[in-house]
Amino acid sequence: MAAIEGRPVGILGTGSYLPKKILSNFDMEKIVDTSDEWIVERSGIHERRVISGDESNASMSAAASLEAIEDAGLAPCDIDMVIVGTNSPDRLLPGVGPTVQAMIGASRCGGMDLQAGCPGALYGMVAAAGGVASGIWKNVVVVGSEAISRLVDWKHRGTCVLFGDGAGACVVGEYREGALKITHADLAADGEQRELITLPAGLAAEPATEETVRDRRHFIRMNGTEVFKFVNRKIPGYLENFCANCGIKTSEIDWWIFHQANIRILDGIARRMEIPMEKFVINVDKYGNTSAASVMIGLHEAGADGRIKPGQRVLMCSFGAGMTYGAMLMES
Ligand code: COA
């Protein structure tokens with residue numbers, strides 16, 4: 001765990017993009033053997049978005065980035081780096097980051113993808129904060145974006161009902177009055193548990209063959225029950241320690257922006273940590289699990305609709321494939 005030192009760092013602007021096409025639970029009933037009742041009870045999800053037409057991971061990332069840049073009062077030429085946290089890039093080469101750099105016309109900046117499971121964008125924010133604090137970069141666009149509907153097995157009811165597409169973005173830059181100040185961050189992983197969520201085939205370990213396609217090994221596989229247990233076992237204690245190291249009590253956090261895996265996981269965390277759910281920023285009900293995008297969409301929506309008020313503390317926490325996790329403390 002580290003306090004951010006060097007130049008003070010803040011979130012100068014935020015944005016998001018959600019695909020136009022909505023798939024309700026009733027639509028899912030027509031695709032796999034499931035029910036609205038089962039999905040709502042097990043996950044809290046009512047509907048999710050999926051890309052269609054000319055929408056892509058990069059187009060969502062670019063739209064969210066441009067909104068964040070405008071919200072920050074900046075222009076694309078002011079951006080030094082674009083970091084896209086994603087687990088569903090349009091292609092492995094080229095990355096989404098450089099594609100976004102071109103799409104938004106950020107002529108003098110770098111672009112990269114950061115793949116770290118659902119915390120990918122949170123990992124990206126910590127990298128950006130470090131780069132800004134040290135003076136390497138002035139303004140960094142961090143995006144969480146997923147076109148994950150293209151990587152889920154639409155014949156497997158245990159996973160396809162849970163995920164959705166979308167993007168959220170923010171500009172991380174030198175702190176100024178009115179911005180959310182990033183004060184502390186921590187990133188962690190338990191790679192021993194890396195087989196809990198996998199996408200086995202299609203890359204170097206298992207290049208695509210007729211057999212891998214036949215066995216549907218190009219889709220996300222998840223041991224949902226074990227993921228559920230891992231998060232409930234690990235995250236509450238981790239966050240208690242994180243807050244203690246920041247010198248605050250968990251009760252002093254005004255808003256918790258958790259990764260939106262599903263409502264039962266969040267409910268379990270809330271009960272173990274004795275935090276009222278009213279302090280949680282929730283979007284899993286309308287977007288499903290948008291993986292790396294979920295916390296970024298939450299950050300944008302809670303800021304844009306006025307939930308986050310001056311003088312408040314915001315804690316962002318994510319967890320996912322790897323298994324990776326992390327937390328970041330911000331003050332408005
Ligand atoms: N509709 C109806 N029934 C379904 C279903 C669906 N969409 N998906 C699974 N089922 C069935 C299973 O086949 C099983 O039936 P069976 O007992 O006849 O075999 C039954 O429901 C229970 O399945 P199980 O997987 O044990 O359910 P669960 O209570 O563990 O809930 C999850 C499944 C995935 C919702 C739950 O494990 C979970 O939330 N895990 C965390 C996953 C997650 O958030 N991952 C992302 C982390 S980044």
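Both counts, for ligands and for their atoms, begin at 1 and track the order of listing.
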Show your working on salt bridge (Lys or Arg N to Asp or Glu O under 4.0 Å) between R216 and D153 and close with a plain yes or no.
-> CA-CA 8 Å; R216 310 185 74 73; D153 187 345; 2.9 Å; yes

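The proximity of T225 to ligand 1, defined as any non-hydrogen pair under 4.0 Å, involves the side chain as well as the backbone. In T34, the parts holding a heavy atom less than 4.0 Å from any atom of ligand 1 are both the side chain and the backbone. With a 4.0 Å heavy-atom cut-off, ligand 1 is reached by the side chain of L162 but not by its N, CA, C or O. Of the heavy atoms in I265, only side-chain atoms (C-beta onward) come closer than 4.0 Å to ligand 1.
Inspection of the R48 and N289 side chains reveals no N or O donor paired with an N or O acceptor under 3.5 Å. A side-chain donor from one of Y238 and D186 sits under 3.5 Å from a side-chain acceptor of the other. Remark: the T212 side chain and the D215 side chain contain no N/O donor-acceptor pair separated by less than 3.5 Å. No hydrogens or angles considered: nothing links the side chains of D113 and T86 as a donor-acceptor pair under 3.5 Å. For the residue pair E146 / N87, a side-chain donor-acceptor distance below 3.5 Å is found, with atom types taken as modelled. Side-chain N/O atoms of Y287 and E47 include no donor and acceptor closer than 3.5 Å.
Here the side chain of Q193 pairs no donor or acceptor atom with the backbone of A321 at under 3.5 angstrom. Of the possible donor and acceptor atoms, one in the side chain of S88 sits under 3.5 Å from a partner among the backbone N and O of A147.
Protein heavy atoms are found less than 4.0 angstrom from atom 44 (O) of ligand 1. For atom 20 (C) of ligand 1, the nearest protein heavy atom lies 4.0 Å away or farther. Using a 4.0 Å threshold on non-hydrogen atoms, atom 29 (O) of ligand 1 counts as touching the protein. In this structure, atom 5 (C) of ligand 1 is in close contact with the protein, since a protein heavy atom lies within 4.0 Å of it. For atom 17 (O) of ligand 1, the nearest protein heavy atom lies 4.0 Å away or farther. The nearest protein heavy atom to atom 32 (C) of ligand 1 is not closer than 4.0 Å.
Residues K138 and D80 are not paired through a salt bridge, judged by the lack of any N-O separation under 4.0 Å between the basic side chain and the carboxylate.
Taking only non-hydrogen atoms, the option from S318, G224, A292 nearest to atom 36 (C) of ligand 1 is G224. Nearest to atom 9 (C) of ligand 1 by heavy atom, out of W38, F228, Y325, F230, is W38. Nearest to atom 24 (P) of ligand 1 by heavy-atom distance, out of E29, R42, R264, is R42. Between atom 12 (C) of ligand 1 and the options Q260, E226, R157, the minimum heavy-atom separation is to R157.
The distance from the CZ atom of R313 to the CD atom of E252 is 5.0 Å, given to the nearest 0.5 Å.
Protein heavy atom closest to atom 39 (O) of ligand 1, with residue, atom name and distance, is N262 ND2, 2.3 Å. Closest to atom 42 (C) of ligand 1 among all protein heavy atoms lies M222 CE, 3.6 Å. For atom 47 (C) of ligand 1, the nearest protein heavy atom (residue, atom name, distance) is V227 CG1, 3.6 Å.
Short contacts between ligand 1 and C118, defined as distances under 4.0 Å to a heavy atom of the residue, involve ligand atoms 48 (S). Close approach to F319 involves these atoms of ligand 1, each under 4.0 Å from a residue heavy atom: 48 (S). With ligand atoms numbered from 1 in the order given, ligand 1 contributes 7 (N) to contacts under 4.0 Å with heavy atoms of V161.
Ligand 1 has no nitrogen or oxygen under 3.5 angstrom from a nitrogen or oxygen of F163. Ligand 1 has no nitrogen or oxygen under 3.5 angstrom from a nitrogen or oxygen of H259.
Y175 does not carry R7 over the face of its six-membered ring by the limits of under 6.0 Å from the centre and within 45° of the normal.
Closest approach of F258 to F280, counting heavy atoms only: CE1-CZ, 3.5 Å.
Between C170 and L299, the closest side-chain pair of non-hydrogen atoms falls below 4.5 Å.
Heavy atoms of N289 come nearer than 4.0 angstrom to ligand 1 in at least one pair.
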